[in-house]
Amino acid sequence: NQKELEYKLSQISGFQNPKITLDQYSTSPKIAASILTTMNERTPLANKLIADFGAGTGMFSFGLTLYAHRRVISFVHAYEIDIDAIQTFKETQEFLEITKIDVINTDILTYNFPNGLFVILLGYSSNESSVGRFGSEDIDLIFVEKAIKACNGFVFVFHKETRLKVNKKKLEKLCEQ
């Protein structure tokens, strides 16, 4: 249930020193549990290969494996560029004894993804203007485009509503392609 998942997610460490240039922020266990519950209601996650783009310290990657504990997910691929975040991720993975996650240190924008990704998670900065590591206000749209090309299932995108309003037409155009 959602409350149990929220409790389990409270054990996951956030960023020690968030890097503004990478739009790093921690999602609360309550919000993550709510998102994961809603995702599974809309698209059952059992027996799926799932990708977490910009996985950070693993809130959603771990949440997926904890949520699906009674179900069987094939695997979670967690993609992250920041080695410090990956270190925290790996420490949490060892602490929680979770084996169905592979964290991959890579730049999502240049990585060639494997076939068969069913669900891709994308979360973005809570800032009004999400200007990422390349100084691009459209970095979130670039991530979405990459996700759509790599996925043969569903792409879940979430970030602050005001930012979504800014990009609504651009996102609709990407989804039409």
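Along the sequence shown, the residues carry numbers beginning at 1.
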Item to check | ring-ring contact (aromatic ring centres under 6.0 Å, His included) partners for F95, two or more places apart | outcome: none
Next on the checklist: Ignoring hydrogens, what is the shortest heavy-atom contact between A85 and E80? Give both atom names and the distance.
Outcome noted: CB-CG, 4.1 Å
Item to check | From CD1 (I12) to OG1 (T88), nearest 0.5 Å | outcome: 12.0 Å
Next on the checklist: Walk me through whether I81 and I108 qualify under side-chain contact (heavy atoms from CB on, under 4.5 Å).
Outcome noted: CA-CA 8 Å; I81 196 169; I108 289 169; over 6 Å; no
Item to check | salt bridge (Lys or Arg N to Asp or Glu O under 4.0 Å) pairs, two or more places apart, involving residues 87-97 | outcome: none
Checklist outcome for this item: Which of F60, F89, Y111 passes ring-ring contact (aromatic ring centres under 6.0 Å, His included) with Y79? It is Y111
Checklist entry - Is E6 reaching over with its side chain to a backbone N or O of A33, donor-acceptor style, under 3.5 angstrom? => result no
Next on the checklist: Let me confirm one number: the OG-CE distance from S34 to M39, rounded to the nearest 0.5 Å.
Outcome noted: 11.5 Å
Checklist entry - Do you know the tightest heavy-atom contact between K30 and Q2? => result O-NE2, 4.4 Å
Checklist entry - Among the clusters formed by ILVMFWY side chains lying less than 4.5 Å apart, do L109 and I104 turn up in the same one? => result yes
Checklist entry - Can you find a pair of side-chain heavy atoms, one from T92 and one from T57, that are under 4.5 Å apart? => result no
Item to check | Residues forming a salt bridge (Lys or Arg N to Asp or Glu O under 4.0 Å) with D84, sequence neighbours excluded | outcome: K19
Next on the checklist: For a quick test of reading the model, state the closest non-hydrogen atom pair linking D52 to S61 and the distance between them.
Outcome noted: OD2-OG, 2.8 Å
Checklist outcome for this item: Rounding to 0.5 Å, atoms CD1 (I31) and CG (L9) come to a distance of 12.0 Å
Checklist outcome for this item: Residue set satisfying side-chain hydrogen bond (donor to acceptor under 3.5 Å, both in side chains) with Q11, at least two apart, ordered chain then number -> none
Item to check | Under 3.5 Å donor-acceptor, D102 side chain and H77 backbone | outcome: no
Next on the checklist: Apply side-chain contact (heavy atoms from CB on, under 4.5 Å) to residues I101 and T65 and explain how you reach the verdict.
Outcome noted: CA-CA 8 Å; I101 300 176; T65 59; 3.6 Å; yes
Item to check | Spacing of D82 atom CG and N17 atom CG [to the nearest 0.5 Å] | outcome: 10.0 Å
Item to check | Interatomic spacing from CZ in F113 to NZ in K146 - rounded to 0.5 Å | outcome: 5.5 Å
Next on the checklist: Measuring from atom CG of N105 to atom CD of Q87, what distance do you get when rounded to the nearest 0.5 angstrom?
Outcome noted: 11.5 Å
